[in-house]
Amino acid sequence: MTPPIPRSQRPADLLFPRESPFRMAPRIASALIDADLQRFVPAATRLKEHSRELALHTAFGTRVAEVRRLAGEIRQATLAALDHHLATFITRAESNGVHVHFAPDAASARALVLELARARGVRTAVKAKSMVSEEIQLLDALLAAGIDTLETDLGELVLQLDDDAPSHLVTPMIHKDRVAAGRALARLDPAFDDPELLAGDPATVTAHARSALRKAFAKADLGITGANFLCAETGEIVLCTNEGNGRLSSLVGHTHIAVTGIEKVVPTLGHLAVLLELLARSATGQPLTVYTSFVSAPTPGRQVHLVLVDNGRTKVLADATFRPALGCIRCGACLNTCPVYRTVGGHAYGSVWPGPIGAVLTPLMRGPAATPDLPFASTLCGACHEACPVDIDLPGLLVAHRARAFAASPIALRLTSRLVRVALGGRIRWRIASAIARALARTNLGPMRAWNHAERRLPAPSERFSKRWRRITAKRSDP
Amino acid sequence: MTDPRQAAPRVALFVPCLTEHFDARAAEATTRLLLHLGVTLDNPAGQTCCGQPFRTAGDLASAAALARRMDKVFAHAQVVVTPSASCAAMVRTHSASLPGIDRALPIASKVVELAEYLVRIGFDASRVAWPGHATYHPSCHGRDLGTTSPDPTLALLAKVEGLTLTPLPTAAQCCGFGGSFATRFAAVSVALGNDKLASAAASGATTLIANDSGCRLHLRGLQPKARRAAPGLPTQLEVKHLAEILAEGLHLMPRPPRLPPDRATP
C-alpha cells in the first residue's frame, strides 16, 4: 500500500497569479537571490543547450536550418487547415474506438474529465506529465474531487509532493536538485530519507522511485496523459516520455483520458517523423525519447477518451500575426537558450508557459493588459528563434506584442515617442536633441536612474564623433 | 553592381547614435582604418538614428519613418559601412518588416558591418601587429545578419600578429543590454553583463573585444563594479572594438597605455 498522498493546496498562484496586471519584478528579485535557482537553472540550461546543438549537428550536419524550416512549414501548413486535419483526426480516432470530447475552455475541460471519472467510478488515478493538464489545473481539480491522484513523471511527482509548480516545459523541477527531490520523495517512501541513497548513483534513486510508483500504477482506475502529437492519418495519440510513465498511464486501470490542445494535430505519419526527429533532440539532445508510444484503440474492456482543449487557441489561430506561435511543439529549447530564462527561472513568468514562447503565448491567452511585462522580458537577442525546431520567429512575435502594447498605451507615452522621433528627423533638431540627451546622460533622472544600477554606471559621453571626423578629415586634406 | 574590390571604393560611414555620443574612439578607428585602406569615405551629415529603439519599443510607425529617412540620407552611397552590428541588422533585416515598407529599402542591400566589409574587400589582417590576450563577444545581431558562422571578426582577429585569442565560453549568450531591456529589467541586465565579464575574465584574456555599440555601452558601464565585486578578476579587462585593434596594430592610432592593476581599482 502506498501511503496517503498529501492533499495540501498546490500554489496555484505561482502559475496563475492572482494579481492583475501581473508584474514580474518581485519574482525576478527573489529569483536573483535564490541560491539554488542560480546554481541549478543556468547550469542545466547550458548543458541542455549544448546537448541540443550536438545532437542536431550529429544528425543533420550543416542542414539543421533547412530541417527546422521544413518542420516549421509542416506546422504552419497544418495550422492553416487545422479544421480539416482535426476533423480527419477525429473521424479516424472515433473509428478506432476512441471517445473524442471538445472543451472550449479550462473549466469545461476540468468538468469533462471529472464527469468521465465519476461515470467510470474512478477512485484512484495516475497522471503522466502534460502541460495542458497544468494549463487547466487538472491535478488540483482531481484531488479536490476526492480522486486519489499521483503524478508519475519523476519531476512532476517531486513538485506535487513539494507543493511546488513546474518551472520548465520539459524538465519541470529544473529549479531543484537530487537532494531536494529526495526530501520530497521521502514523503512517499521513507527509504528516500537516506542521505547515502541520495548521494549515491542516480540509478538507485530512480529504482526506488520506480518501485514506489509501480504500486500507484497497479491500483489506479484511471490513467491521465497529455499528447505530444495527434496523427490525423491514423487517428493515433502520440506520447513521448523518457520514463515510460506516459505509456504505463495510458494502459493502467479501465480508463485512459488524454488531454491536449487542438493544435497538436499532424497530417500524416510522414510529417510526424520529421517532428519526432526534432522534438527530443531539441528538448534534451536525445535522438528520440526513450518511449514513443502510439495509442490507437482501447484494449477490450477499457475506454480511451481524448479531451481536445481550445482555451484560447482558436482565437490565436484567427490572428494572422500570432498564429505561428501555435506551431510550438513544447521542446523547451527556447527556454534553455534564453539568457533571461536562464537568469530568472520559470516562475518569474507567472504562467504555465515560461520563457520566450511563454512571453508570446501568455499575453494571447490572458490578454495583454494582464501581462504587460512579458513581451518586454527579452533582449531580442534572437537565440530563441535560432533554437526553435519549428522556426517560430519568437523575437518578431515579441515585437508584435510590443507594437500592440504601444498602440494601446497612454497618449502621453505615444506622443513622447513621436516627439523624440521628430527630434531625430533633421540635422538641427538632432543637434539640439543630442545636447539635451548628453546633459541627461550625466544626471540620474528618468531612464538614467534605472540604468545607473548599483553595479553599473553609464560611461561618460565621449567627444561627439562628428566633431572628431571634421578634425581627422581636415588634417588629411592639409598638404 | 559595383565591385568593392576595385580601386578607391566610395563608402559612406553609418555612425549609430550610441557610437556618435559614447564611442568616438571606435568610430575614429573605423575611419582611420578605412582611409588607410584607400577607401573614399563620406560621413553623411544628416544621419541620426536608424529607428531600432523605436522598433523594439513597439513604435513601428516611428521606426519606419526613421528607416525611410536613413534610406534617403544614404541614397547616394554605394556601400554603407557601420561599426555596429545591431544597427546594421535593423537597416538590413528588420526595416523590411515595418509597416508601410512593402519591399526592402535600397539601403538594406548596401549596409555592411565593418568586419563583413573588411573581409569582403580582402583586407589582410596579418599586416596588423597587436600583442595581447583577448577574447571576443559577438553581437547577437550577427544572427540577423548571418555573420555567426563564419564570423568575419573572428576571421580577421585570427590573423592578427601577436594576438592570443581565447574563445569566450559564453559567446553565444547575450550580454544583457537589449536596449530598453537594460533599464526595464536592470537587475537581469546587470546579472547577464556580469556573467559575460566573469566568463571573459576567466578565459584569461585581458581584453574583451565587442563591436556592437549597445553591448559596448553596457559592458563598459559594468566595469567598475566587476572589479570591486571580484578582486580576483584581472583589473585590466578592457573593452575594445575590432577597429581599435586593427587601427592600433597598424599604428594609425596610439595604443593607450594599460593602467597598472592598482591604479585601475576605483
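Throughout, protein chains are lettered first and strands after them, A, B, ... in sequence-line order, and every chain is numbered starting at 1.
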Exercise for the section: Against chain B, work out which of A:P375, A:P447, A:A383 has the most heavy-atom pairs shorter than 4.5 Å and name it. Expected result: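 Winner by heavy-atom pair count: A:A383.
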Exercise for the section: For the pair A:R46 and B:T170, evaluate side chain to side chain contact (heavy atoms under 4.5 Å, CB included) and give the outcome as yes or no after the intermediate values. Expected result: CA-CA 9 Å; A:R46 278 185 184 144; B:T170 59; 4.1 Å; yes
So does [X] have more than 12 non-hydrogen atoms from other groups sitting under 6.0 Å from [atom1]?
| X | atom1 | result |
| --- | --- | --- |
| A:R449 | CZ | no |
| A:R427 | CZ | no |
| A:R63 | CZ | no |

Exercise for the section: Could you tell me which non-hydrogen atom of A:L424 sits nearest to which non-hydrogen atom of B:T48, and how far apart they are? Expected result: O-OG1, 2.7 Å
Practice task
Taking all non-hydrogen atoms of both residues into account, name the closest pair between A:R464 and B:H21 and its distance.
Solution key: NE-CE1, 3.7 Å
Exercise for the section: Determine whether A:D373 and B:F185 make a side-chain contact, defined as any pair of heavy atoms from C-beta on separated by less than 4.5 Å. Expected result: yes
Practice task
Report yes if the side chains of B:F181 and A:L380 come closer than 4.5 Å at any heavy-atom pair, otherwise no.
Solution key: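 The answer is no; the side chains never approach within 4.5 Å.
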Residue part contacting chain A, namely of [X], when any heavy atom lies under 4.5 Å:
| X | result |
| --- | --- |
| B:A191 | side chain |
| B:D212 | neither |
| B:D195 | side chain |
| B:D23 | backbone |
| B:L217 | both |
| B:R55 | both |
| B:A61 | both |

Exercise for the section: Please lay out, stage by stage, how B:T31 and A:R468 fare under the test side chain to side chain donor-acceptor pair (under 3.5 Å). Expected result: CA-CA 10 Å; B:T31 305; A:R468 207 175 278 197; over 6 Å; no
So which of [options] has the biggest tally of heavy-atom pairs under 4.5 Å with chain A?
| options | value |
| --- | --- |
| B:T19, B:V15, B:T56, B:L18 | B:T56 |
| B:A187, B:G46, B:C175, B:C49 | B:A187 |
| B:S62, B:A186, B:C140 | B:S62 |

Exercise for the section: Rounded to the nearest 0.5 Å, what's the gap from OG1 on B:T183 to CE on A:M448? Could you check? Expected result: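 Separation between the atoms: 8.0 Å.
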Fill in the blank from the handout: d(A:R421 CZ, B:D59 CG) to nearest 0.5 Å is 7.0 Å
